[in-house]
Amino acid sequence: MKCRFFLLDVNEGRWEGKPCARFWGIDEEGKRILIMAGQITPYFYFLPAAPADRDSMRSRLMQDKKFGMVLDVTVEHRKLLGKDEVVFKVLCSDPALVSSYCKAIPKIVGGQGFDDLRLPVRYMTDCRLTACGWNECEVEPIEIEGVRVDGAYLATALPYSLSHDVPPKVRILAFTTLAVAEKGSAKPEVDPVRAIGVATDSGEVELFRTSADDDLTTLKAFIDYVEKYDPDIIVGFESTRLHWPYLIKRCKQRKEALTMGRDSSEPHSSVFGHVSIIGRANLDLSDLASGIFEVKVKTIENTATFFQLPSSDKVRTVDELNRYSLWTKDEERRGLLENTKLVAKACLVVAQAAIDYPMQLSAITGLPLDQVISAAVGFRVDSYFIRQAHQIGELIPTKNEQPFFTYQGAVVIEPESGTHENVAVLDFTSMYPSLMRKYNLSPDTLVKGDEKVSAGLVYVIPQVGHRFRKEPDGFYRIVLTSLIENREAIKREMENQTSDSTTYKVLKERERAVKMITNACYGYAGWAGARWYVREVAESATALGRETITKTIEKAKLLGMNIIYGDTDSIFVTNDAHKINQLIDWVDSDLGLEIRVERRYVRILFTEAMKRYAGLRTDGGLGFVGLEVVRGDWSDIAREVQEEVLVHVLKDQSTRMAIESVNEMIQRLRRGEVPIAKLTIRKTLTKPIEKYAVRAPHVEVARQMMKEGWDMTLGDKVAYVVRKGSGPLYKRAKPPNRVRLEEVDLEYYVDNQIKPAALRILELLGVDEGRLLA
DNA sequence: AAGGGCGCACTTTTGA
DNA sequence: TCAAAAGTGCGC
């Protein structure tokens with residue numbers, strides 16, 4: 001029989017002693033299914049340094065005791081950077097050894113290993129299966145013990161992909177835990193889980209509470225609930241770092257099996273550091289939030305607010321430092337418990353609002369949903385490249401430690417500071433991808449060293465002098481072309497849909513996903529961790545970019561245009577439709593690229609610095625770029641003052657009102673009317689605390705807190721306020737909730753937060769510090 | 001463990 | 001007192 005299934009998760013397993021892939025999914029009838037596939041024997045490729053014959057290689061490898069798991073060696077034709085090669089396919093009985101053999105054999109025999117893929121990835125690649133998409137397989141039903149699905153099958157042939165199409169209805173469960181300690185962070189070794197909040201997309205919201213410090217029943221209730229609801233997707237906020245580890249340790253303590261998986265297994269940490277639950281997609285929504293730059297402080301309430309979700313105004317992330325004092329008061333304890341439910345609810349609605357995009361990203365890259373969310377951009381591109389390479393018969397390079405070089409980037413044009421009216425912004429569309437495609441920038445077309453190739457056959461890149469063959473199409477060109485054509489096809493498909501249909505929504509997110517991968521290809525080429533790392537490609541892309549924008553500016557000046565500013569692939573000019581059209585035509589005809597009017601400003605204000613400006617758009621909205629108002633490491637009071645100044649300057653065109661608003665804020669601050677929350681400054685710990693060379697305020701605060709038993713780790717945002725006193729800031733910085741307003745050094749906020757932020761703008765209008773309150 | 005790139009502004013600490 | 005270094009977070 002044939003089984004058509006939506007692929008949710010894939011991992012490794014064994015069937016009758018043989019390694020196999022396990023595909024977890026949902027069939028057309030909505031049944032949750034498992035398919036065991038044992039068709040592919042784990043393998044990798046090996047290209048010997050010198051040509052060798054198969055029989056001698058086969059006997060050599062199979063007789064070597066170190067390689068006891070080698071089953072067979074066969075010969076195949078593959079390509080290495082476009083060049084045909086005869087390679088050995090080394091088949092292994094144990095999938096766990098593919099990676100180590102792939103490295104070890106070339107070391108001993110001489111040569112190079114390729115395609116060190118894990119078995120699930122091997123299947124996804126060889127069969128071109130679509131994660132979060134529909135696939136099909138010839139199967140027969142089987143019985144497997146301990147597996148919680150509606151149907152288990154054995155594949156009798158290789159599975160294959162059908163289409164992306166619209167996902168089926170999935171079951172989502174959101175959860176959060178609450179733990180409290182009298183002193184410091186809650187410790188799973190001693191502090192029980194006080195409550196677990198759960199919300200599901202069927203509308204249920206539950207709170208499992210612990211009484212008398214005995215959380216065993218709470219844990220059991222949660223485990224039961226998950227088993228009964230049988231979610232396809234489990235979400236939480238900071239679940240990877242906080243909630244799962246806590247539950248895992250509590251269960252260990254209480255000797256209770258945290259059987260979350262569809263094979264009754266417990267959560268385990270997997271690639272990209274995420275927590276994996278077999279047969280389901282376990283997602284940490286903070287991974288999603290980390291990709292949304294508008295969300296400055298990554299909390300569930302801020303993320304929910306970003307998605308404009310109703311529950312966002314009630315839910316809050318309770319700071320660990322406050323938790324105990326809330327817990328010990330009856331009234332506030334109720335609030336804390338209520339909030340635990342609200343957090344779960346908010347996680348659920350955020351997941352529902354946001355899930356389409358990661359699903360499509362998963363479908364495009366081939367990474368399972370849980371992995372694609374936690375994987376950094378480079379790994380998403382890596383996955384896409386692997387699939388493309390395999391399709392065209394290319395060998396897949398192994399990841400190895402690469403020496404890494406920096407190179408020159410883009411140009412930024414010094415702005416004409418001050419106010420400008422009626423300004424248009426011209427942007428090149430996908431500048432780097434376009435240039436990479438146009439000049440065939442790729443490792444396989446790169447002419448190495450001083451190899452002689454006649455001038456007509458190569459593109460010579462300005463400034464850096466790298467040469468790339470015009471033909472044949474390089475790997476990067478093939479990949480970029482596939483991405484760009486894919487995107488165009490999606491856009492065409494969208495035209496056939498009404499904009500409120502489910503299909504349209506899915507296509508829109510798919511288009512976003514393709515765009516994201518397209519734009520990441522340049523950065524990927526320059527990333528030392530990439531399988532296809534080629535510094536020359538990235539270096540050439542930026543060199544061509546510099547040439548492109550420079551030439552365009554020269555042409556614009558010839559046309560009599562006034563260049564106000566430019567950065568990388570954009571130029572800001574006076575809005576003169578005729579001249580702009582002339583320039584657009586010239587870019588098309590002479591550079592073979594596309595430039596478009598991306599935005600228009602009624603009024604725009606440039607500081608003397610690059611990358612910092614603000615403007616009133618023709619659509620009535622204000623845009624802030626690079627200024628304090630968009631930076632997460634300034635206090636709210638500084639950001640608010642600057643925003644007010646900008647509103648007065650850009651909208652009301654009143655410098656007087658701007659000055660007054662600043663002075664008013666200074667007075668309010670001095671009168672003690674500004675709450676500490678607005679004086680809080682947050683900075684991220686960007687490295688392990690012991691590696692800091694300097695006593696920065698946030699680092700010192702983190703150190704103090706760690707000493708008192710609070711968990712502080714790399715990536716945490718540390719909040720502090722500055723207290724009165726003398727000496728360096730780092731001695732006066734304290735966590736906000738340890739400080740009373742009377743202790744706060746208000747003058748620090750006047751002199752080092754409000755005034756700099758306000759004067760950054762006001763000074764451009766000829767206002768000096770003397771006009772502000774002393 | 002840490003998981004595209006480089007260019008730039010700006011604050012605070014450091015060290016002479 | 002001053003310049004350099006460290007550190008953060010932005011723009012594209």
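FYI, side chains are in, hydrogens and waters are out, and symmetry mates aren't considered; it's all heavy atoms of this structure. Just so we're on the same page: letters track the sequence lines, and every chain starts at 1.
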Undergrad: Under 3.5 Å, is there a donor on one side chain and an acceptor on the other for A:R241 and A:T713?
TA: yes
Undergrad: Output the rounded distance in Å from CZ (A:R546) to C1' (B:dG7).
TA: 11 Å
Undergrad: So A:S570, base contact, sugar-phosphate only, or nothing? Heavy-atom distance under 4.0 Å.
TA: nothing
Undergrad: Between C:dT8, B:dT12, B:dG4, which one does the side chain of A:A376 approach most closely?
TA: B:dG4
Undergrad: Please compare A:A696 and A:A375 by the position of their nearest nucleotide in DNA chain B and report the one closer to 5'.
TA: A:A375
Undergrad: In whole Å, what separates the P atom of B:dA2 from that of C:dG7?
TA: 15 Å
Undergrad: Which nucleotide in the list C:dT8, B:dC8, C:dC12 gets nearest to the side chain of A:D569?
TA: C:dC12
Undergrad: Give A:F428 one of three labels, base, sugar-phosphate or nothing, depending on what nucleic acid heavy atoms sit under 4.0 Å from its own.
TA: nothing
Undergrad: Provide, to the nearest angstrom, the distance between the OH atom belonging to A:Y407 and the P atom belonging to B:dG4.
TA: 13 Å
Undergrad: Using a heavy-atom cut-off of under 4.0 Å over every strand shown, decide if A:R612 touches base, sugar-phosphate, or nothing.
TA: sugar-phosphate
Undergrad: Counting heavy atoms from C-beta on, name the nucleotide in C:dC10, B:dT13, B:dG4 closest to the side chain of A:K296.
TA: C:dC10
Undergrad: What contact category does A:K717 fall into here, base, sugar-phosphate, or nothing, at under 4.0 angstrom with non-hydrogen atoms?
TA: sugar-phosphate
Undergrad: Please confirm whether A:F468 and A:Y459 have ring centers closer than 6.0 angstrom.
TA: no
Undergrad: Does a donor on one side chain and an acceptor on the other come within less than 3.5 Å for A:R546 and A:Q463?
TA: yes
Undergrad: Using atom CD of A:Q371 as one end and atom P of B:dG3 as the other, report the distance to the nearest whole Å.
TA: 18 Å
Undergrad: Rounded to whole Å, how long is the line connecting atom NZ of A:K683 with atom P of B:dT11?
TA: 10 Å
Undergrad: Return the 5'-most residue of the pair A:Y748, A:F379 with respect to DNA chain B, ranking by each residue's nearest nucleotide.
TA: A:F379
Undergrad: Can you check whether A:N752 has a side-chain N or O nearer than 4.0 Å to OP1 or OP2 of B:dT12?
TA: yes
Undergrad: So, does A:H698 get its side chain near the phosphate of C:dT8, meaning an N or O under 4.0 Å from OP1 or OP2?
TA: yes
Undergrad: For A:W532, answer base if it contacts any base atom (sugar-phosphate contacts may also be present), sugar-phosphate if it contacts only those atoms, and nothing otherwise; contact means non-hydrogen atoms under 4.0 Å.
TA: nothing
Undergrad: Taking any heavy-atom pair under 4.0 Å as a contact, classify A:R760: base, sugar-phosphate, or nothing.
TA: sugar-phosphate
Undergrad: Are A:S482 and A:Y384 close enough that a side-chain donor and a side-chain acceptor fall under 3.5 Å?
TA: yes
Undergrad: Taking the minimum atom-to-atom distance to the side chain of A:R631, which one of B:dC8, C:dG7, C:dC10 wins?
TA: C:dC10
Undergrad: How far, in whole Å, is C:dC10 from B:dA1 if one measures between their P atoms?
TA: 27 Å
Undergrad: Base, sugar-phosphate, or nothing: which does A:V411 touch, judged by heavy atoms less than 4.0 Å apart?
TA: nothing
Undergrad: Going by distance alone, is a donor N or O of one side chain under 3.5 Å from an acceptor N or O of the other, for A:Y524 and A:D382?
TA: yes
Undergrad: Is the distance between the ring centroids of A:Y533 and A:F404 under 6.0 Å?
TA: no
Undergrad: Which part of the nucleic acid, if any, lies within reach of A:V381 when heavy atoms closer than 4.0 Å are counted: base, sugar-phosphate only, or nothing?
TA: nothing
Undergrad: Measure the distance from NZ on A:K611 to C1' on B:dA9 and round it to the nearest whole Å.
TA: 10 Å
Undergrad: Could you state the atom-to-atom distance from OH of A:Y524 to C1' of B:dG5 in whole Å?
TA: 14 Å
Undergrad: Whole angstroms only, please: what is the CD-P distance between A:E690 and C:dG7?
TA: 13 Å
Undergrad: With a non-hydrogen cut-off below 4.0 angstrom, is A:A520 in contact with a base, only sugar-phosphate, or nothing?
TA: base
Undergrad: At 4.0 Å (heavy atoms only), tell me whether A:G632 reaches a base, stays on the sugar-phosphate, or touches nothing.
TA: sugar-phosphate
Undergrad: Can you tell me the distance, in whole Å, between the CD atom of A:Q408 and the P atom of B:dG7?
TA: 6 Å
Undergrad: Does the structure place the NZ or CZ of A:R512 under 6.0 Å from the centre of the six-membered ring of A:Y357, at an angle of no more than 45° from the ring's axis?
TA: yes
